[in-house]
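Scroll down for the structure; my scribbles are underneath it.
Whatever order the structure lists them in is the order used to number ligands and atoms, beginning at 1. In what follows, every heavy atom counts, from backbone to side chain, and hydrogens, waters and symmetry copies are set aside. None of these values were measured; they are calculated from a predicted model.
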Amino acid sequence: MGRADALTIAGGVSGERLMENAGYAVADVVCVRFNQGTRAVVLCGMGNNGGDGFVIARVLKQRGFIVRVALALPEGMTARDLKGDAAGAERAWRGETLPAEPGLFDGMAVIVDALYGAGLSRDVSGRDGELIAAVNAARARGARVYAVDLPSGIDGGSGEVRGTAVVADETVTFFRRKPGHLLLPGRTHCGRLHLAQIGIGPKVLAEIAPTAAANGPALWAGCWPDAAIDSHKYSRGTALVASGPLLSCGAARLAAEAALRAGAGIVTVATPPDAVATVAAWRAAFVVRPAADRTALAELLGEPRLRAAVLGPGLGLGDDVWPAIRAALKGDMALVLDADAITQASRRPDEAFALIKARAAGVVLTPHEGEFARLFPDIGGSKLDRARAAAAQSGAVVLLKGPDTVIAHPDGRAVINENGTAVLATAGSGDVLAGIIGGLLAAGRPAFEAAALAAWMHGEAGRIAGPGSIADEIAGALRDVLAKGCPEAKATFAGGAEEENVVATD
Ligand SMILES: NC(=O)C1=CN([C@@H]2O[C@H](COP(=O)(O)OP(=O)(O)OC[C@H]3O[C@@H](n4cnc5c(N)ncnc54)[C@H](OP(=O)(O)O)[C@@H]3O)[C@@H](O)[C@H]2O)[C@@H](O)CC1
Ligand SMILES: Nc1ncnc2c1ncn2[C@@H]1O[C@H](COP(=O)(O)OP(=O)(O)O)[C@@H](O)[C@H]1O
Ligand SMILES: [K+]
């Protein structure tokens with residue numbers, strides 16, 4: 001964001017103008033709920049976030065609020081030491097300024113948190129930590145907390161809590177949302193998030209060309225599973241799902257059902273003999289093929305019409321399983337490697353990544369955090385950074401699961417999914433996701449778009465299925481997701497007319 005500000009200022013819009021606009025935007029949000037006579041305190045820090053705070057204090061006072069500023073400066077610093085636009089905003093403030101201390105939040109209806117924003121560079125500690133605790137305590141007693149740009153203590157790049165962080169009811173950010181607004185725990189600290197335009201234009205967006213975005217239809221509207229009028233089952237695409245034995249065949253059944261619903265024309269379930277009857281009885285639509293051993297599975301994977309395969313759900317952790325995965329990796333079909341296939345790959349990552357990089361067709365790896373740590377033990381950082389590094393290291397599209405699922409392409413592009421629901425936190429839901437991706441891959445969709453669209457469809461299916469649903473019903477709800485149709489596209493990666501969804505990363 002610093003770069004976006006700097007480019008805008010270089011383009012002729014003053015920093016002071018940006019700060020005025022930012023302050024007015026926050027004050028307008030406060031005024032949606034509160035009126036003249038409301039008691040408000042604005043907690044200001046030493047930087048430009050605090051500068052925004054002084055503008056907000058001035059605007060609210062002009063509008064009849066009873067306002068005071070609680071100024072939190074480092075030891076030995078006074079208001080005269082404020083710099084740049086923040087100094088100007090402080091000078092233009094004609095009201096009461098008190099040194100910040102926890103008692104100042106008592107009895108306030110509104111607290112504006114302008115302590116730290118994009119400039120947070122280390123953990124909050126000491127007096128600032130006490131102030132944040134006091135803001136949160138006042139909120140628990142009924143005050144409404146408005147965060148400027150970011151709740152103080154939340155890292156805008158990663159969503160991490162740096163020591164301690166404000167919990168806001170509403171957050172107003174500027175220009176574009178940042179990863180920290182979408183990634184957990186940052187997202188849960190923001191409350192209701194507002195995006196305000198303050199004068200940073202589309203040219204700046206094109207220049208900073210962010211490679212991270214919120215997951216949305218601008219990326220995948222063209223991949224929505226619409227079948228052409230002249231399609232037939234083979235043209236829609238064939239997929240294979242490899243099942244485990246009887247006691248673990250539920251996972252493949254869920255994946256196969258999801259693949260069919262997401263648009264594969266035919267789904268073959270390759271099944272150890274003991275599970276054939278159960279799998280065949282589950283859905284009449286499945287093509288069931290017995291695979292007595294892993295060599296037989298490898299042979300089924302050699303079927304030339306196969307466009308995609310889903311390997312992993314319930315597949316097994318025995319040493320005999322890897323040769324079938326290896327055979328698939330050497331094949332021409334697009335692949336989803338989930339669950340046990342990820343664990344299998346984590347025992348021989350060099351071989352697995354070399355095979356992935358050597359193949360022409362796409363591979364999507366779908367680890368949850370535990371599987372991710374097994375396959376990429378040396379990768380750390382924010383969830384966004386980790387997914388990107390894993391994609392670069394493996395050569396696969398990596399879908400790192402969770403309430404803030406991140407999908408990353410080896411070329412550095414990444415999207416953060418935001419429509420997940422805790423309904424999805426149920427056994428078998430990941431198998432449904434793997435199946436959706438497989439269905440989209442079978443229909444010829446590229447791996448990155450297929451994974452991102454699948455994560456979105458999965459979230460929507462969870463919402464429609466609703467609380468109390470089990471994975472079977474999430475798979476069933478895909479019908480309703482498709483019946484509702486593709487949402488309107490609003491986001492693009494860079495430039496374009498409607499790019500509200502783009503996340504600026506710097
Ligand atoms: N014209 C513009 O540019 C516009 C900017 N805008 C607004 O500016 C905000 C960004 O402002 P900012 O860069 O001044 O940073 P801010 O978040 O106020 O932090 C201040 C300083 O605190 C320090 N510090 C950091 N962490 C710390 C810690 N844990 N404990 C103690 N100290 C710590 C750190 O200083 P350091 O010690 O690292 O040098 C840092 O520089 C942005 O969020 C938006 O609200 C909008 O008005 C649009 C126009
Ligand atoms: N709290 C949550 N909010 C949103 N999505 C969630 C949540 N918990 C889990 N999910 C999603 O549910 C799926 C669970 O997958 P996984 O952990 O592989 O479970 P399983 O192996 O039982 O299918 C993932 O897509 C994950 O992103
Ligand atoms: K803040």
Side-chain angles (χ1 to χ4, degrees), residues 1-2 4-6 8-9 13-23 25-26 43-53 55 72-74 82-86 89 112-129 132 145-156 162-166 168 171-175 178 184 196 198-200 250-251 254-255 312-314 338-340 342 366-371 399-406 417-434 436 454-455 458-459 462 471 474:
M1 181 66 181
D5 295 339
T8 306
I9 292 164
V13 182
S14 70
E16 189 189 350
R17 171 47 50 204
L18 293 179
M19 191 170 275
E20 282 291 305
N21 290 347
V26 180
L43 172 62
C44 292
M46 62 182 276
N48 285 330
N49 198 248
D52 293 350
V55 177
L73 297 177
L82 290 172
K83 291 203 174 64
D85 300 323
V112 177
D113 158 35
L115 185 57
Y116 294 114
L120 185 77
S121 57
R122 54 189 176 276
D123 282 5
V124 174
S125 60
R127 191 266 332 252
D128 289 346
I132 287 174
V145 176
Y146 293 84
V148 182
D149 200 7
L150 287 154
S152 296
I154 295 296
D155 184 304
R162 301 291 306 265
T164 179
V166 163
T171 296
V172 184
T173 191
F174 315 117
F175 179 47
K178 319 300 179 306
L184 261 58
I198 58 171
I200 304 174
L254 287 166
D338 184 40
D340 293 349
I342 295 175
T366 54
H368 56 54
E369 287 287 357
E371 288 157 352
L399 182 152
L400 177 50
K401 297 191 246 198
D404 49 358
T405 292
V406 175
N417 195 54
E418 54 177 335
N419 75 339
T421 145
V423 171
L424 299 175
T426 182
S429 135
D431 307 321
V432 173
L433 175 66
I436 303 171
H458 192 228
I474 296 168

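Every atom of ligand 1 is numbered from 1 in the order shown, and the set under 4.0 Å from a heavy atom of Asp123 is 29 (N). Atoms of ligand 1 found under 4.0 Å from any heavy atom of Asp5, numbered from 1 in the order shown, are 2 (C), 3 (O), 4 (C), 5 (C). Ligand-side atoms of ligand 1 in range of Ile198: 48 (C), range being under 4.0 angstrom from any heavy atom. Proximity to Leu120 (heavy-atom distance under 4.0 Å) selects the following atoms of ligand 1: 17 (O), 25 (C), 26 (N), 29 (N). Short contacts between ligand 1 and Leu18, defined as distances under 4.0 Å to a heavy atom of the residue, involve ligand atoms 49 (C). Within ligand 1, counting atoms from 1 as listed, the ones closer than 4.0 Å to a heavy atom of Asp85 are 1 (N). Listed by atom number, the atoms of ligand 1 under 4.0 Å from Gly47 heavy atoms are 14 (O), 18 (O), 20 (C).
Heavy-atom proximity to atom 38 (O) of ligand 1, evaluated over Cys44, Ser121, Ala6, is greatest for Ser121. For the residues Ala118, Gly129, Gly119, Ser14, the heavy atom positioned nearest atom 41 (O) of ligand 1 is part of Gly119.
Between Gly117 and ligand 1, an N or O atom pair is found at a separation short of 3.5 Å.
Listed by chain and number, the residues in a salt bridge (Lys or Arg N to Asp or Glu O under 4.0 Å) with Asp338 are Lys401 (sequence neighbours excluded).
Contact between Ala196 and Val172 at its shortest, heavy atoms only, is CB-CG1, 4.1 Å.
When distances to the K ion (ligand 3) are checked against a cut-off of 3.4 Å, Ala147 contributes no N, O or S atom below that limit. Coordination check, Asp113 versus the K ion (ligand 3): passed, since an N/O/S atom of the residue sits under 3.4 Å. Not one N/O/S atom of Ala114, from backbone or side chain, sits under 3.4 Å from the K ion (ligand 3).
Of the candidates Val112, Asp113, Thr171, Val112 is the only one forming a side chain to side chain contact (heavy atoms under 4.5 Å, CB included) with Val148.
Between the CG atom of Asp431 and the CD1 atom of Ile474 there is a distance of 10.5 Å, given to the nearest 0.5 Å. In this structure, CG on Leu254 lies 12.0 Å from CG on Leu433, to the nearest 0.5 angstrom. Atom CG of residue Leu150 and atom CG of residue Leu115 lie 12.0 Å apart, to the nearest 0.5 angstrom.
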Practice item. Would you please test Leu82 and Leu73 for side chain to side chain contact (heavy atoms under 4.5 Å, CB included) and show each step? Key: CA-CA 9 Å; Leu82 290 172; Leu73 297 177; 3.9 Å; yes
Practice item. Go through the steps to decide whether Phe174 and Leu18 satisfy the test side chain to side chain contact (heavy atoms under 4.5 Å, CB included), and finish with yes or no. Key: CA-CA 10 Å; Phe174 315 117; Leu18 293 179; over 6 Å; no
Exercise for review: For the pair Ile198 and Met19, evaluate side chain to side chain contact (heavy atoms under 4.5 Å, CB included) and give the outcome as yes or no after the intermediate values.
Suggested key: CA-CA 8 Å; Ile198 58 171; Met19 191 170 275; over 6 Å; no
Exercise for review: I would like to know whether Phe175 and Thr8 meet side chain to side chain contact (heavy atoms under 4.5 Å, CB included); could you show each step before the answer?
Suggested key: CA-CA 11 Å; Phe175 179 47; Thr8 306; over 6 Å; no
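The closest donor-acceptor contact from the side chain of His458 to the backbone of Leu424 lies at 3.5 Å or more, if one exists at all. Under the 3.5 Å distance criterion, the side-chain polar atoms of Asp404 are matched with a main-chain donor or acceptor of Leu184.
By the criterion of a heavy-atom distance under 4.0 Å, the side chain of Asp149, and not its backbone, is placed next to ligand 1. With a 4.0 Å cut-off on non-hydrogen atoms, Asn49 touches ligand 1 through its backbone as well as its side chain.
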Tabulating one pair per line, provide the atom names and distances (0.1 Å) for every N/O atom of ligand 2 that is less than 3.5 Å from a protein N/O atom.
| residue | atom | partner | partner atom | Å |
| --- | --- | --- | --- | --- |
| ligand 2 | 3 (N) | Thr421 | O | 3.3 |
| ligand 2 | 12 (O) | Leu424 | O | 3.0 |
| ligand 2 | 12 (O) | Ser429 | OG | 3.0 |
| ligand 2 | 15 (O) | Gly430 | N | 3.3 |
| ligand 2 | 18 (O) | Lys401 | NZ | 2.7 |
| ligand 2 | 22 (O) | Gly428 | N | 2.9 |
| ligand 2 | 23 (O) | Gly428 | N | 3.2 |
| ligand 2 | 23 (O) | Ser429 | N | 3.2 |
| ligand 2 | 23 (O) | Gly430 | N | 2.6 |
| ligand 2 | 23 (O) | Asp431 | N | 3.4 |
| ligand 2 | 27 (O) | Gly402 | N | 2.9 |
| ligand 2 | 27 (O) | Gly402 | O | 3.2 |
| ligand 2 | 27 (O) | Thr405 | OG1 | 3.3 |

